[in-house]
Engineer: 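This is the structure I have questions about; it appears just below.
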Amino acid sequence: MCGIVGLFLKDKALEPKLGEMLTSMLITMTDRGPDSAGIAIYGDETKGKAKMTVQSDAPETDFVELDSALADALGGAVTVDVISTHAVLSIPAGSFEKARAALSDLRPNVRVMSRGDVLEIYKEVGLPKDVAAQFSVTSMSGSHGIGHTRMATESAITTMGAHPFNTGDDQCLVHNGSLSNHNSLRRKLRREGIHIETENDTEVGAAYLTWKMREGATLGEALESALDDLDGFFTFLVGTKDGFGVVRDPIACKPAVMAETDQYVAFGSEYRALVDLPGIEDARVWEPEPATVYFWSHNAAPTSTEKAA
């Protein structure tokens, strides 16, 4: 049992409040998972630059002079914004793989949380209220975001085992459920060159979507394929640079509820995660159908697309 929340903003006036609203939603889901928590924020883009969010258990040493060390390795300007145990690195666009290789040499204990143009992921062991406070998530702004509070079933309670999982540029996944074929699929995806860090089944789900989209599928098509290729029970909430998508397995035994207004689309494991959102009393509220893909994008009309698998 885990708790999932997501918020896709249509109204740009709400963007300064994204972190505050997501945090409130996630704290409401605390009793669904006390082990660890995380939030993905889709924020601003800087031309010519990419973002890496990294984590260290010893930030007081690992992040010191990291900007100059990485700049030398990458041959371009690097800035480091330290936020507790995490740091957001601004690196030259297109240099992620080189940066990850340099980090493994320069700071072997630093772990990559996310990569992309706009994505930042903050996650740690602990309750949602403590994790959110640690990183001042309530002050963060953005166009959309997703969050997760975890009850561990498939792997250890660690920072790396916490959700969201990021396996491709600006793409991340949170998951409630359990995948039964993740070991065989992990081996296949690694053979395909997809980078997977942990033994967590959710990271395999994220990596599967990364692989399908690398092969040319849209997110909607990748989620539809997941219904055929992933075994087990799952509710997926996926973030991309432009929006987010939702899919539940054909049995749909994991709870989920959605709400849509002219200002936003919201997702929660339970309705109580949504009750404090503005205008929720006038929202269209529904339970996502089994084996059905829902997707919203800022690059298209901000309405749901439902495709029966």
Engineer: Tell me if the CZ atom of Phe96 is crowded by more than 12 foreign heavy atoms within 6.0 Å.
Structural biologist: yes
Engineer: Assess whether side chain to side chain donor-acceptor pair (under 3.5 Å) is satisfied between Thr202 and Asn200, documenting all intermediate values.
Structural biologist: CA-CA 5 Å; Thr202 302; Asn200 190 288; 3.2 Å; yes
Engineer: Thinking salt bridges, do Glu20 and Lys17 make one under a 4.0 Å N-O criterion?
Structural biologist: no
Engineer: Quick one about Gln171 and Thr210 (side-chain donor to acceptor, distance below 3.5 Å, no hydrogens or angles considered), yes or no?
Structural biologist: yes
Engineer: What I'd like to find out is whether the side chain of Leu127 reaches to under 4.5 Å of the side chain of Pro34, using heavy atoms alone.
Structural biologist: yes
Engineer: Is there a donor-acceptor contact under 3.5 Å from the side chain of Ser36 to the main chain of Glu124?
Structural biologist: no
Engineer: Counting distance only, does the side-chain N/O of Arg248 pair as donor-acceptor with the main-chain N or O of Lys254 below 3.5 Å?
Structural biologist: yes
Engineer: Any side-chain heavy atom of Ile39 within less than 4.5 Å of one from His148?
Structural biologist: no
Engineer: Evaluate the side-chain proximity of Leu66 to Leu103: yes if any heavy-atom separation is below 4.5 Å, no if none is.
Structural biologist: yes
Engineer: So, the side chain of Thr240 versus the backbone of Gly243: is there a donor-acceptor pair under 3.5 Å, distance only?
Structural biologist: yes
Engineer: Is Asp35 reaching over with its side chain to a backbone N or O of Thr149, donor-acceptor style, under 3.5 angstrom?
Structural biologist: no
Engineer: Against the six-membered ring of Phe165, is Lys123 placed for a cation-pi contact (under 6.0 Å from the centre, within 45° of the normal)?
Structural biologist: yes
Engineer: Name all residues meeting the side chain to side chain contact (heavy atoms under 4.5 Å, CB included) criterion together with Glu270; count only those two or more places apart in sequence or in a different chain, and write none if there are none.
Structural biologist: Met29, Arg32, Arg272
Engineer: Return yes if some donor-acceptor pair links the side-chain N/O of Ser84 with the main-chain N/O of His86 below 3.5 Å, else return no.
Structural biologist: no
Engineer: Could you label the plane-to-plane angle of the Tyr294 and Trp286 rings as parallel, tilted or perpendicular, counting under 30° as parallel and over 60° as perpendicular?
Structural biologist: tilted
Engineer: Under the rule for side chain to side chain contact (heavy atoms under 4.5 Å, CB included), what residues qualify as partners of Ala266, not counting sequence neighbours?
Structural biologist: Leu7, Met25, Tyr264, Leu274, Leu277
Engineer: Please check if atom NZ in Lys49 has more than 12 non-hydrogen atoms from other residues, nucleotides or ligands closer than 6.0 Å.
Structural biologist: yes
Engineer: Once you measure the plane-to-plane angle for Tyr122 and Phe135, does it fall in the parallel (<30°), tilted (30-60°) or perpendicular (>60°) bin?
Structural biologist: tilted
Engineer: Counting neighbours of CD on Glu281 that are heavy atoms of other residues, nucleotides or ligands and sit closer than 6.0 Å, is the number greater than 12?
Structural biologist: yes
Engineer: Using a 6.0 Å cut-off, check whether atom CG of Asp228 has over 12 heavy atoms from anything other than its own residue.
Structural biologist: yes
Engineer: With a 4.5 Å heavy-atom cut-off, do Ile41 and Met140 have their side chains touching?
Structural biologist: yes
Engineer: What verdict does the side chain to side chain donor-acceptor pair (under 3.5 Å) test give for Ser114 and Asn166, after you've listed the backbone C-alpha separation in whole Å, the side-chain angles of each residue and the deciding distance to 0.1 Å?
Structural biologist: CA-CA 5 Å; Ser114 64; Asn166 164 248; 5.2 Å; no
Engineer: Distance only, no hydrogens: is a donor on one side chain within 3.5 Å (strictly under) of an acceptor on the other, for Thr167 and Glu203?
Structural biologist: no
Engineer: Taking side chain as C-beta onward, heavy atoms only, is Leu227 less than 4.5 Å from Val247?
Structural biologist: yes
Engineer: Which atom pair, heavy atoms only, marks the closest approach of Ile146 to Phe244?
Structural biologist: CG2-CD2, 4.0 Å
Engineer: Whether Asp169 and Arg115 form a salt bridge (side-chain N of Lys/Arg under 4.0 Å from carboxylate O of Asp/Glu) is what I want to check.
Structural biologist: yes
Engineer: Please check if the side chain of Thr23 supplies one atom and the backbone of Val137 the other of a donor-acceptor pair under 3.5 Å.
Structural biologist: no
Engineer: Ignoring hydrogens and geometry, is there a side-chain-to-backbone donor-acceptor pair from Ser136 to Ser139 under 3.5 Å?
Structural biologist: no
Engineer: Out of Asn109, Val110, Asp105, which one pairs with Arg107 under the side chain to side chain contact (heavy atoms under 4.5 Å, CB included) rule?
Structural biologist: Val110
Engineer: Strictly below 4.0 Å, N to O, side chains only: are Arg111 and Asp57 in salt-bridge contact?
Structural biologist: yes
Engineer: Could you tell me whether Lys241 and Asp117 have a side-chain N and a carboxylate O separated by less than 4.0 Å?
Structural biologist: yes
Engineer: Are Tyr42 and His144 an aromatic pair, judged by ring center distance below 6.0 Å?
Structural biologist: yes
Engineer: Does this structure show an ion pair linking Glu215 with Lys212, if we count only N-O contacts that are shorter than 4.0 Å?
Structural biologist: no
Engineer: Check whether any side-chain N or O of Thr28 sits under 3.5 Å from a backbone N or O of Ser24 as a donor-acceptor pair, and report yes or no.
Structural biologist: yes
Engineer: For Glu199 versus Asn183, what's the shortest heavy-atom pair and its separation?
Structural biologist: OE1-OD1, 4.5 Å
Engineer: Of all residues at least two apart in sequence or in a different chain, which pass the side chain to side chain contact (heavy atoms under 4.5 Å, CB included) check with Asp44?
Structural biologist: none
Engineer: Would you mind checking if Lys51 and Glu120 are paired as a salt bridge, meaning a charged N to carboxylate O distance below 4.0 Å?
Structural biologist: yes
Engineer: Got Leu14 and Met21 here, is their nearest side-chain heavy-atom distance under 4.5 Å?
Structural biologist: yes
Engineer: Do Phe295 and Leu219 have side-chain heavy atoms sitting under 4.5 Å apart?
Structural biologist: yes
Engineer: Write down the atom of Leu119, the atom of Ala40, and the distance for their closest heavy-atom approach.
Structural biologist: CD1-CB, 3.8 Å
Engineer: Short question: side chain of Asn176, backbone of Cys2 - any donor-acceptor pair under 3.5 Å?
Structural biologist: yes
Engineer: Any side-chain heavy atom of Leu189 within less than 4.5 Å of one from Tyr208?
Structural biologist: yes
